[in-house]
Amino acid sequence: MPHLTVEYSDNLPDYPEREALRALNAAVCASPEVLDEADVKTRFVRHASFEIGTAPAQRAFVHAQLRLLAGRSPEAKQDLAGRIAEVLRQHTPRPAGVLVQLSVEIVDMDRPSYVKERLA
Amino acid sequence: MPHLTVEYSDNLPDYPEREALRALNAAVCASPEVLDEADVKTRFVRHASFEIGTAPAQRAFVHAQLRLLAGRSPEAKQDLAGRIAEVLRQHTPRPAGVLVQLSVEIVDMDRPSYVKERLA
Amino acid sequence: MPHLTVEYSDNLPDYPEREALRALNAAVCASPEVLDEADVKTRFVRHASFEIGTAPAQRAFVHAQLRLLAGRSPEAKQDLAGRIAEVLRQHTPRPAGVLVQLSVEIVDMDRPSYVKERLA
């Protein structure tokens, strides 16, 4: 069930999305919270229309959001956020003169109403 | 106020988005929770950059997220998720050899801070 | 840390995204809740595949979602939603014959698991 979405600003050119996708899924699946590797669904979204702050500086961002069914401990959530941050730290381009902000957010999904199935 | 977003991986070619959009809105509006049909705002997002799990299998996903003002009962949320799942079950392509995962999530939106208006 | 995402339906042509981005960041940064202007990361997402309600009417939407670390007072959240709504009210196109819906949602992000850093 984990849904992972990574957004980034398109002033991070040549983001190695394929490599990062594989590394992210490997890192998340290595968590004891993930019982079936097939459940981890990750996507990258590149933003062409964005603005960071108000100062005339060169800034970029990469932001990951992991959505999990509610019930994980705070420690498990911190561990997962740390795994994701580590991968993004390694794969995110750092263009000269650009301040790159990295953030990772964990979201609890409502468990009783969640629907999950495999279509035959 | 319901906001419905359906994401899918682009290895589900020829997704009938127009038909699914109409069917989704009809299904959601038929819920007693929706008082004004005009409130239901649905969008499709197709993902070209995605990865599911870590095994070398052909996999696809379709994931719906419905955001509602907080206060609905668990039963009402389950009913809405079921309505959405039923439409997606009917409209989602099932390419040969591809395992398609379907999921539906219901999200409570913070009611006191929600702004809603119609621009004249 | 505030993450602001503005979605709109693409029957609002010539949306002045650049101007709106600057105005949104200025408005959000003017809030006493935002300590560092560089933290405000805003993006626009234009939707080509959407459906509003079930009636055969010309309808459009613009929807903003602001994600903040949990802990803000209800009043602070209402104030932020109001600032965002005011900017969108000013910048959103209003094509003749199209009913435009505006909404703003504030989301609390889980604080203990949030990761934030600047890449060197």
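Keep in mind it's a predicted model, so treat the numbers as computed, not measured. Order of the sequence lines fixes the chain letters, A, B, ..., with proteins taken first and strands second; residue numbering starts at 1 for each chain.
- Heavy atoms closer than 4.5 Å to chain B are found nowhere in C:E75, neither backbone nor side chain.
- When heavy atoms are compared at a cutoff of 4.5 Å, B:R46 does not approach chain C at all.
- B:H3 and C:F61 have perpendicular rings, their planes meeting at more than 60° on a 0 to 90° scale where under 30° would count as parallel.
- Pairing each heavy atom of C:G53 with each of B:N25, the nearest pair is O-ND2, 2.9 Å.
- Within the 4.5 angstrom heavy-atom criterion, no atom of B:V34 approaches chain C.
- Within the 4.5 angstrom heavy-atom criterion, atoms from both the backbone and the side chain of C:V100 approach chain B.
- Of the two parts of C:L99, only the side chain, counted from C-beta on, holds a non-hydrogen atom closer than 4.5 Å to a non-hydrogen atom of chain B.
- Remark: B:R67 CZ to C:S103 OG distance equals 11.0 Å, nearest 0.5 Å.
- Here CG of C:L68 is found 10.5 Å from CG of B:D110. Values are rounded to the nearest 0.5 Å.
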From CA spacing to verdict: side chain to side chain contact (heavy atoms under 4.5 Å, CB included), B:L119, C:T92
CA-CA 9 Å; B:L119 301 181; C:T92 298; 3.9 Å; yes

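- In this model, a donor atom of one side chain and an acceptor atom of the other lie less than 3.5 Å apart for B:K41 and C:Q101.
- Summarising the local packing, CG of C:D36 is surrounded by more than 12 heavy atoms from other residues, nucleotides or ligands at distances under 6.0 Å.
- Side-chain contact between B:P112 and C:Q78 is present, with at least one heavy-atom pair separated by less than 4.5 Å.
- With salt bridges taken as basic N to acidic carboxylate O contacts below 4.0 Å, one links B:E117 and C:R89.
- With rounding to the nearest 0.5 angstrom, the CD atom of C:E105 is 8.5 Å from the CG atom of B:L69.
- Inter-residue side-chain proximity for B:V115 and C:E86 is flagged as unmet; no heavy-atom pair is nearer than 4.5 Å.
- One distance of note links CD1 of C:I52 with CG of B:L21; it measures 10.5 Å at 0.5 Å rounding.
- For the residue pair C:A55 and B:E37, the shortest heavy atom distance occurs at N-OE1, 3.1 Å.
- Each of C:K77, C:Q65, C:H47 has some count of heavy-atom pairs under 4.5 Å with chain B, and the biggest count is that of C:H47.
- Expressed to the nearest 0.5 Å, how far OG of B:S113 lies from CG of C:L80 amounts to 9.0 Å.
- Between B:R18 and C:E51, at least one side-chain N (NZ, or NE/NH1/NH2) sits under 4.0 Å from a carboxylate O, which counts as a salt bridge.
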